[in-house]
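Notes follow the structure.
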Amino acid sequence: MIEFRSVSKQFPDGTLAVDDFSLTIPSHRTTVLVGSSGSGKTTLLRMINRMVDPTSGAIEIDDVDIASLEPVKLRRSIGYVMQNSGLLPHRKVVDNVATVPLLRGVPRKTARADALALLDTVGLDRALADRYPSQLSGGQQQRVGVARGLAVNPNILLMDEPFGAVDPIVRAELQQELIRLQTELGKTVVFVTHDVDEAFLLGDQVVILQEGGRIAQIGSPADILANPANDFVASFVGADRGKRALHVERSDGRDVLVDSDGRLAGVLVGDAVPGQARVTP
Amino acid sequence: MNWAWTNLDLIWDRTIDHLILSVPPIILSFVIALPLGWLANRYRLSRGVILTASGLLYAIPSFPMFIVLPALVGTTLRSPLNLVIALTIYGVALMVRVVADGLASVDVDVQRSAVAVGFSTWTNFWQVELPLAGPVLLAGLRVVAVSTVSLATVGAVIGAQSLGSLFTDGFQRGIQAEIIAGIVATVLLALLLDGALVAAGRIALPWTRLRKTSKVETAT
Ligand SMILES: Nc1ncnc2c1ncn2[C@@H]1O[C@H](COP(=O)(O)OP(=O)(O)OP(=O)(O)O)[C@@H](O)[C@H]1O
Ligand SMILES: [Mg+2]
C-alpha cells in the first residue's frame, strides 16, 4: 500500500506542482492517475521512488516513511517504465533487462538467464535479445522497458505514459498485454496517462487530477462514469458527449444504443435491467 | 634511402624512445581530464573556472614551459620527465573540454531513466555517461594522440631522445635522408596510434556502428 499524506511539491522556480495531495494506493491493484498536461502526474509518480522529494507531507510504502529510505536502494526495488522506454542505447536488449539485478549484485549469468525468461513474459522473441534498442520498433522497445521494470520482481511498478509514443494499434496490443500480465502478477501498479480510455481500461482505481494535483474524483471506472462528481469530471471523461453518451432507440423491435453524434454504438442484449445491460460493439 | 636501410636499428630505437615519451602523456591526460571534465560539466561555476584554466594551459609556449618546469617540479633540466609532464599538460588542456562536452552530449532522458531505475552517481558515471560520451571522447583522444606524437619531437632539443633526434642530428651533420626518415617515422607513428585508437573504439563502442535502417524490417 502506498499512502500520500498531505503531500505538496513546490519546485525551486516557484511552481506549485502538487498542492496538499492525499491518496491511498491499494496493493496488487492498478491505480491510474489521469489528468491533462501539467496536472502533476509525473511529479506524483516520481515522488514514489524519490526522484522528487516533497516539500511537505509524507509518503509511506507499507507504513514506512520513504523519506527514511536510501533513494538509490529504494529505486532498485521499484519497477519504473517511462515513455520512449528510457533504455540504455549502448546495451543489448538482454543487458538492459538485466540492468537492475546486476546493480543489485545478482551474478551475471543468473541475471541474463532471468532476463531471457522475462522476454518471454512480455511477449518478445528471444531472438531480439542481442539487438540494441535502436534496432527495435517503438512497441518492442516499450516491451523491453516493461521487462526491465519487472526484472527485480518488484512489488511496485510505476509507469509514466508508457504507451504514449506508439501507434494506436500497438498501444491497444500493449494495453492488453499489461492486463494479462497484471492478472498473472498482481503488482501494485501506478500508471500515469492523459488518455481517459486508457485509464478506464487499465485502472481498478482511477484518480482524475486537475492542475496542482488536485483530485477531482477517485473511483472505479464505472463509478466515475455513472456518477461524475462535477462538470469538470463529466466533461473530462466525456460522459456528456460522443461515444460515452449513449441512449436507447428502438429499431425493428430491438433496442439499439446510439451515441450523441447519432452513430450506432451497439445493440442491447438481454433485458435492460440496470446493472445487467451489456453492450456488444 | 640507403641511410635508412643501414640505420634501421637507430630508427627503431628512436621510435621506441618516442613511444615511451608520448604514450604515457596520452593516457595520463585522459585520466586526469576525466574528473576535471566531469566537474566542469556538473556545476556551472566549476565549468567556467576549469575550462578557462585549461584553455590558458594550452596557451603556454613550450620553450618557457621546459625551462620553468624543472624548477617547479624539481626535475633536472635535461630529464625526459620534463617532456612527459609538459605533453601531459597540453593533453589535459585539450581533453578537459572534450570530456565536458562529451558528458554534456549524453541524452538527458537516458540519464534520468538510469537514475530512476537505481544507478547511483558513481555507477551512472562509469556505466552510462562515460560509455555514451565515448564517441566524443574518442574523437578528442585521437587529436591528443596525434598532437602528442608530433610535439614529442621537440624533446630532442631539450635532451630527450626521440624521433626528433633524427632531425637535429640530420641537420647538424647535413644528412638529408636522416631528416626525412625522422619525419616519415613520426608521421607513421602518429597514424599507427590513431589507427589503434580507432580499432579500440570499434571494440569498446560496438553500438555506434549499427545500421539505423533496421527499424524498418522489425514490427511488433
Ligand atoms: N523540475 C521542475 N522544475 C520546475 N517546474 C517543474 C519541474 N517539473 C515539473 N514542473 C512543473 O510542475 C507542473 C507539473 O508537472 P508534471 O510533469 O508533474 O505534469 P504532468 O501531469 O506529468 O504533465 P504531462 O502530462 O505533460 O506529462 C508543471 O507545471 C510543470 O511545469
Ligand atoms: Mg508527465
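Computed from a predicted structure; not experimentally measured. By convention in this document, chain letters (A, B, ...) are assigned in the order of the sequence lines, proteins followed by strands, and residues within each chain are numbered from 1.
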Considering only heavy atoms, which portion of [X] lies under 4.5 Å from any heavy atom of chain B: side chain, backbone, both, or neither?
X	result
A:P89	both
A:S77	neither
A:L158	neither

Exercise. By number, which residues in residues 42-56 of chain A have some heavy atom less than 4.5 Å away from chain B?
Worked result: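 Hits under 4.5 Å: A:R46, A:N49, A:M51.
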Problem set entry | Check against side chain to side chain donor-acceptor pair (under 3.5 Å), A:S36 and A:S39 | CA-CA 6 Å; A:S36 42; A:S39 53; 5.1 Å; no
Exercise. Parallel under 30°, tilted from 30 to 60°, perpendicular over 60°: which one fits the rings of A:F4 and A:F21?
Worked result: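 Answer is perpendicular, since the angle exceeds 60°.
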Ignoring hydrogens and geometry beyond distance, is a side-chain donor-acceptor pair present between [X] and [Y] at under 3.5 Å?
X	Y	answer
A:T193	A:D195	no
B:S147	B:S150	no
B:D17	B:S162	no

Problem set entry | Contact class of B:Q127 relative to chain A, heavy atoms under 4.5 angstrom | both
Problem set entry | Residue part contacting chain A, namely of B:T123, when any heavy atom lies under 4.5 Å | side chain
Look only at the side chain of [X] and the backbone of [Y], and say whether a donor-acceptor pair between them is shorter than 3.5 Å.
X	Y	answer
A:H28	A:K187	no
B:Y90	B:I60	yes
A:Q140	A:S137	yes

Seminar exercise, completed: Note: vs chain A, highest number of non-hydrogen pairs under 4.5 angstrom among B:V110, B:D109, B:D107 is B:V110
Exercise. Can B:T75 and B:N82 be said to form a side chain to side chain donor-acceptor pair (under 3.5 Å), step by step?
Worked result: CA-CA 7 Å; B:T75 42; B:N82 296 331; 2.4 Å; yes
Exercise. Relative to chain B, which of A:R76, A:R75, A:H90 shows the most heavy atom pairs under 4.5 Å?
Worked result: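 The answer is A:H90.
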